[in-house]
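Accompanying notes for the structure given below.
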Amino acid sequence: MADYNPQAIEKKWQKRWEENRVFESEAEVEEAAEKSKSAPLASKGAAPSQTQGPLGETQDPHAKSASGAPLENPRAQARVPVPRKPKYYVLEMLPYPSGTLHMGHMRNYTIGDVVARVKRMRGFNVLHPMGWDSFGLPAENAAIKNHTHPRVWTNKNIAELFQGMKRFGFSYDWRREISTCEPEYYRWNQWFFLKMLERGIAYKKKSRVNWCPKCCTVLANEQVVNGGYCWRHEDTLVEARDIEQWFLKTTAYSEQLLDDLKTLTGGWPERVIAMQENWIGKSVGAKVWFEIEEVEGAKSKVESEEKKTQDPPFAEGAKDGALEEKPKSRQDAGATRNGTPGKIEIFTTRIDTIYGASALILAPTHPLLEQLLSGTANQAASEAKLAQMRQTSVKTEDVATAEKDGFFTGRYAVNPFNGEKIPIWVGNFVLLEYGTGAIMAVPAHDERDYEFAVKFGLPIPVVVEKAGHSFQSTVDSKEKKNQENPRAQSRVTVPPEVYTEYGVSVNSGVYSGLKSADAIEKMASDAEARGFGKKETVFRLRDWGISRQRYWGTPIPVIYCAKDGMVPVPEKDLPVVLPTNPKLTGEGESPLATDPEFVNVKCPKCGGPARRETDTMDTFVDSSWYFYRYCDAKNSEAPFDSAKVGYWFPIDQYIGGITHAILHLLYSRFWTKVMRDLGLIENSEPAARLFTQGMVLKGGAAMSKSKGNIVGAIDMAEKYGADTGRLYTLFAAPPEKDLEWSEESIEGAWRFLNRVFRLVDRNSVESSKFKVESNGKNQGQEASKPAPLETKGAAPRENLGAQSLQNSGQARVAVPLTEKEKGLLRKAHQTLRRVTADFETRWHFNSAIAQIMELVNAIYAAEPLENGVRPEVRKEVLELVTLMLAPMTPHLAEELWEMLGHSEGLWTVSWPAFSEELAKEDEVEIPVQINGKVRGRLKVAAGASQDEVLKLAQADGAIAGHLAGKKLIKVIYVRDKLLNLVVG
RNA sequence: GCGGCUGUGGCGAAAUUGGCAUACGCGGUGGGCUUAAAAUCCACUGGGGUUUUCCCCGUUGUCGGUUCGAGUCCGACCAGCCGCACCA
């Protein structure tokens with residue numbers, strides 16, 4: 001008898017796996033892809049990856065072929081050689097190497113590893129890679145602190161994470177490892193950047209941007225969280241700065257990014273889809289131009305302002321309508337899109353309410369304001385007020401709850417629909433960055449406008465009524481309300497409340513009587529026809545600002561020449577490598593700017609003196625396409641071979657934290673679409689399925705360095721072993737839920753594995769004692785190693801376990817089975833059925849483990865030997881237990897498999913086949929309900945008919961007692977489930 | 001305000017389709033083994049009972065509905081968590 005020694009076992013099997021290259025995806029498949037490189041990729045979509053369950057229930061390669069041979073890949077049928085197995089790409093988000101492996105990582109990778117291992121056992125060619133998101137600020141900050149190079153810190157952390165992953169036995173194909181800070185990788189960032197530059201997707205402009213004073217760099221919109229804080233420093237308010245920087249035109253893909261979310265429903269969590277929809281923020285409406293009432297001199301000034309702020313400096317593609325320039329942040333927007341000179345452009349989704357507009361309201365930062373205010377009666381007072389509003393708007397944290405504020409400019413505009421003269425106001429609630437930075441205020445039909453109108457005494461004319469209301473009756477009620485409300489001095493009425501829904505237009509000239517939807521359509525068309533408006537869709541999404549004034553990132557590959565202007569670095573000169581000895585201070589301009597050797601270059605065009613761009617790229621660029629690189633990680637000619645990507649993509653299952661629901665997942669979706677439009681790939685979305693696992697908490701809070709509540713994964717592995725750790729994280733909570741760390745619970749997992757180990761250990765000892773009594777089969781075998789049953793010939797990587805277990809229409813043991821043995825085998829196959837379903841169609845690892853625990857309890861209960869289950873039979877059951885545990889506790893499973901007498905590694909064995917025959921119950925106990933309450937139980941033969949069961953029920957004493965003197969009204973019988981008698 | 005999610009024992013949680021609620025684990029109590037402890041194995045662990053291999057009652061955040069039957073479906077609410085937020 002031996003003890004379970006996880007440290008020794010885990011070391012032993014990790015070595016074996018490595019020697020046998022168990023986790024490498026099949027080379028022959030890639031060769032096939034190689035050979036078909038020139039062929040079109042069109043048939044790819046037929047690959048068996050479009051499925052329902054998280055693991056793809058329809059993907060079982062055994063399901064459609066009685067021989068057990070995996071389904072052929074339809075794409076490969078057209079050519080030779082034929083990939084033997086269908087592909088499966090499972091991926092966990094690559095980590096930022098900031099320290100050692102923690103529980104959050106470990107949980108993420110354990111889930112992915114279970115999936116990868118299950119899929120391998122199910123006969124798939126599995127791609128399961130890992131890499132390092134190794135550019136980024138923490139490395140640079142650590143380098144400044146320790147006076148070293150960021151690479152030192154980064155590589156130390158990578159080495160530690162790598163060791164940690166090895167320690168847990170995660171089944172990665174390490175041939176494909178990537179590290180984004182290596183020139184072999186980031187040169188392709190630069191290459192993609194040049195492609196985008198050619199197409200006008202990358203452009204540069206000066207704009208007001210988000211600046212984090214702690215990061216000392218610019219942030220993208222997506223990196224500003226909680227209404228104005230840095231995503232990395234959640235206590236640090238983001239400042240506004242005017243900086244010239246590079247953008248990627250994510251807005252050119254707004255519509256697609258939104259529409260394609262529909263293709264992800266079912267595969268992606270509803271929550272993530274909703275968050276992205278929300279972020280992209282589509283509004284369909286119309287722009288309308290309001291003429292400004294003539295005031296001497298104003299018009300020409302406005303016109304000249306227009307000219308000044310047209311095209312941004314290098315936006316070559318910006319002339320294209322689809323790629324139209326979208327100003328990014330507060331103060332500069334609007335300048336290029338305030339419409340025709342002398343007019344104010346507003347955006348509205350409710351053009352049908354335009355007859356109810358009682359003012360135009362501009363954002364305090366609207367570029368037309370200076371012209372508008374000049375020459376007005378109280379210009380000085382207005383400008384003072386404006387300055388004050390601009391001041392406060394920068395610092396406002398809780399914009400949504402701030403009180404409405406504003407003032408009248410002294411100017412008027414003309415409503416193009418009815419010629420009415422309405423005042424132009426400034427309001428603090430109007431945002432320059434959304435729509436056109438100006439709105440028409442329709443107080444009767446908009447909450448905010450109403451609040452504003454009430455505060456400043458603007459009229460509140462009603463122009464929409466609830467459908468079905470007669471005009472007359474509502475007028476009466478409004479008049480009553482009028483008398484009660486002293487503020488309602490002017491024009492028509494004060495509505496009883498703000499009515500923001502659709503209804504029927506009233507008081508709207510020729511449009512009165514139209515339903516809101518019809519009115520919107522007709523009025524927008526009319527505005528367009530009459531030249532004072534345009535149907536328009538606006539998005540909340542902004543272009544992605546990628547310039548960072550830091551060292552540890554990808555250099556942006558452009559050169560500035562006094563003569564030729566901005567010149568892209570020629571492709572042949574890539575990569576632009578980071579200087580090796582940077583001066584890192586964390587302050588001021590980009591560290592690259594301080595290195596003359598880096599900065600001063602010859603112009604690629606004229607050969608004259610020129611300067612390099614000194615900003616680096618946002619590190620989210622690195623992670624936007626890394627999963628494509630895994631398909632062809634060592635390619636030095638291209639980012640990847642399109643044929644290989646065509647074979648593996650889309651990712652069948654992507655797994656990561658919800659924190660990336662917007663940032664990474666939006667950027668990488670964008671990148672995929674750009675790559676598709678460059679003709680490099682065929683897929684429009686990177687991942688068919690996304691799984692967001694819950695966080696690991698301690699004391700109710702997410703583990704973090706700053707809170708000091710991190711539990712190191714390696715410590716846990718040292719104490720209990722990797723398998724116990726893996727089992728614990730899978731068992732303690734369903735994978736999508738947050739998991740509260742508990743030392744007591746991990747003891748439970750440890751106890752269970754010990755229980756299993758002792759069982760197998762004892763069984764191999766006992767079976768050697770027992771072998772003569774069972775059947776002649778094992779005679780002459782070594783006592784410690786019973787012969788594996790029915791291993792027909794050597795079949796490496798083939799269905800060994802499945803072959804022996806699959807044909808078990810009856811048990812393999814030749815002698816007749818006792819009732820107890822039948823019972824145990826039945827329980828085993830019932831467990832197998834449920835565990836298989838838990839792995840395949842839903843990710844209920846916790847209940848799968850619970851099932852296996854029950855089975856193990858049943859084996860214990862089937863003791864003692866003398867009156868029941870013989871070692872031969874028990875061995876068969878233990879083999880099933882071992883195979884079911886294999887994806888979750890792979891090291892222990894290998895060891896148990898060997899202890900059970902198998903010399904071939906468990907990695908060569910397929911998932912066991914379930915036997916309906918063995919799982920079938922002979923007898924079932926069904927509850928008998930009287931009027932829905934359980935009043936008794938009956939043991940009946942499985943599949944018994946209603947009549948039989950009813951007769952038995954009526955014969956049963958206790959049940960008959962409840963039936964006595966009552967009339968049987970109805971009988972509901974669900975076969976093998978329940979009998980319900982309705983009596984009265 | 002908008003969108004999404006979650007509410008089940010002392011705790012983590014189960015419950016494929018509407019069909020015996022609380023499986024499995026933790027914790028707790030009692031017992032076997034042991035000089036003792038640890039480990040381990042067994043039993044009990046919603047409430048109640050003078051029929052204890054038996055019986056009764058209650059119960060899945062709240063209120064209502066559909067149904068022979070609801071943790072599950074429908075409607076309204078309450079509480080908590082997450083994301084976005086004066087988005088025109």
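As a basis for the values below, the full set of heavy atoms in this structure was taken, side chains included, without hydrogen atoms, waters or symmetry mates. Letters A, B, ... mirror the listed sequences (proteins, then strands); counts begin at 1.
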Taking the nucleotide of RNA chain B with the closest heavy atom to each, which residue, A:Ile662 or A:Glu451, is nearer the 5' end?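 Taking each residue's closest nucleotide, the earlier one in sequence belongs to A:Ile662.
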Taking the nucleotide of RNA chain B with the nearest heavy atom to each, does A:Ala274 or A:Gly281 sit closer to the 5' end?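 Its nucleotide being nearer the 5' end, the pick is A:Ala274.
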Tell me what [X] touches on the nucleic acid: a base, only sugar-phosphate, or nothing, going by heavy atoms under 4.0 Å.
X: A:Pro269; value: nothing
X: A:Arg271; value: sugar-phosphate
X: A:Thr348; value: sugar-phosphate
X: A:Val442; value: nothing
X: A:Gln851; value: nothing
X: A:Ala837; value: nothing
X: A:Glu447; value: nothing

Under a 3.5 Å limit for both distances, which nucleotide forms a Watson-Crick or G-U wobble pair with [N], could you say?
N: B:rC81; answer: B:rG4
N: B:rC86; answer: none
N: B:rU52; answer: none
N: B:rA15; answer: none
N: B:rC44; answer: B:rG28
N: B:rA36; answer: none
N: B:rA23; answer: none
N: B:rC73; answer: B:rG65

Distance in angstrom units between [X] [atom1] and [N] [atom2], rounded:
X: A:Leu666; N: B:rC84; atom1: CG; atom2: P; result: 13 Å
X: A:Leu665; N: B:rG83; atom1: CG; atom2: C1'; result: 14 Å
X: A:Arg751; N: B:rC24; atom1: CZ; atom2: C1'; result: 13 Å
X: A:Tyr720; N: B:rC26; atom1: OH; atom2: C1'; result: 13 Å
X: A:Ile273; N: B:rG83; atom1: CD1; atom2: P; result: 19 Å
X: A:Arg350; N: B:rA88; atom1: CZ; atom2: C1'; result: 11 Å
X: A:Ile280; N: B:rG83; atom1: CD1; atom2: P; result: 18 Å
X: A:Leu981; N: B:rG69; atom1: CG; atom2: P; result: 14 Å

[atom1]-based separation of [M] from [N] [nearest Å]:
N: B:rC78; M: B:rG25; atom1: C1'; answer: 32 Å
N: B:rC20; M: B:rC68; atom1: C1'; answer: 16 Å
N: B:rA13; M: B:rC26; atom1: C1'; answer: 10 Å
N: B:rG75; M: B:rG18; atom1: P; answer: 16 Å
N: B:rU59; M: B:rG65; atom1: P; answer: 16 Å
N: B:rG7; M: B:rA15; atom1: P; answer: 12 Å
N: B:rA37; M: B:rU22; atom1: C1'; answer: 35 Å
N: B:rC73; M: B:rC5; atom1: P; answer: 12 Å

Taking the side chain of [X] as its heavy atoms from C-beta onward, which of [options] lies nearest to it?
X: A:Glu854; options: B:rA23, B:rC20, B:rC86; answer: B:rA23
X: A:Lys404; options: B:rG4, B:rC86, B:rA88; answer: B:rC86
X: A:Arg540; options: B:rA88, B:rC87, B:rG25; answer: B:rC87
X: A:Asn278; options: B:rG19, B:rC86, B:rC2; answer: B:rC2
X: A:Arg448; options: B:rG83, B:rC87, B:rC24; answer: B:rC87
X: A:Ala850; options: B:rA23, B:rC86, B:rU17; answer: B:rA23
X: A:Phe731; options: B:rG25, B:rC86, B:rA13; answer: B:rG25
X: A:Phe347; options: B:rA88, B:rC86, B:rC84; answer: B:rA88

Which pair of non-hydrogen atoms, one from A:Thr692 and one from A:Pro269, has the smallest distance, and what is that distance? OG1-CG, 3.7 Å
Answer yes or no: is there an ion pair linking [X] with [Y], defined by an N-O contact shorter than 4.0 Å?
X: A:Lys939; Y: A:Glu925; result: no
X: A:Lys827; Y: A:Glu854; result: yes
X: A:Arg833; Y: A:Glu916; result: yes

I want to check one thing: is the phosphate of [N], taken as OP1 and OP2, less than 4.0 Å away from some side-chain N or O of [X]?
X: A:His445; N: B:rA88; result: no
X: A:Ser283; N: B:rA88; result: yes
X: A:Arg833; N: B:rU16; result: no
X: A:Arg834; N: B:rA23; result: no
X: A:Asn857; N: B:rG25; result: yes

Chi-angle category of B:rU52 [syn within 90° of 0, anti beyond]: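 Here B:rU52 takes the syn form, which means its glycosidic angle is within 90° of 0.
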Syn or anti conformation of B:rG9, syn meaning chi within 90° of 0: syn
A:Asn857-A:Arg755 side chain donor-acceptor pair, cut-off 3.5 Å: yes
Ignoring hydrogens and geometry beyond distance, is a side-chain donor-acceptor pair present between A:Gln830 and A:Gln851 at under 3.5 Å? no
Does A:Glu736 form a side chain to side chain contact (heavy atoms under 4.5 Å, CB included) with A:Gln693? I'd like the steps, not just the answer. CA-CA 4 Å; A:Glu736 71 277 6; A:Gln693 97 272 12; over 6 Å; no
Passing candidate, side-chain contact (heavy atoms from CB on, under 4.5 Å) with A:Leu257, options A:Gln276, A:Glu277, A:Lys282, A:Arg669: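 One option only clears the test, and that one is A:Arg669.
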Given A:Tyr728, which of A:Leu753, A:Ile849, A:Leu739 fulfils the side-chain contact (heavy atoms from CB on, under 4.5 Å) condition?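 Of the listed residues A:Leu753, A:Ile849, A:Leu739, the side-chain contact (heavy atoms from CB on, under 4.5 Å) partner of A:Tyr728 is A:Leu739.
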So for A:Asn980 and B:rC68, does any side-chain atom that can act as donor or acceptor lie under 3.5 Å from a complementary atom in the base? yes
Whether the side chain of A:Arg726 engages the backbone of A:Thr889 through a donor-acceptor N/O pair (distance < 3.5 Å, no angle test) should be reported. no
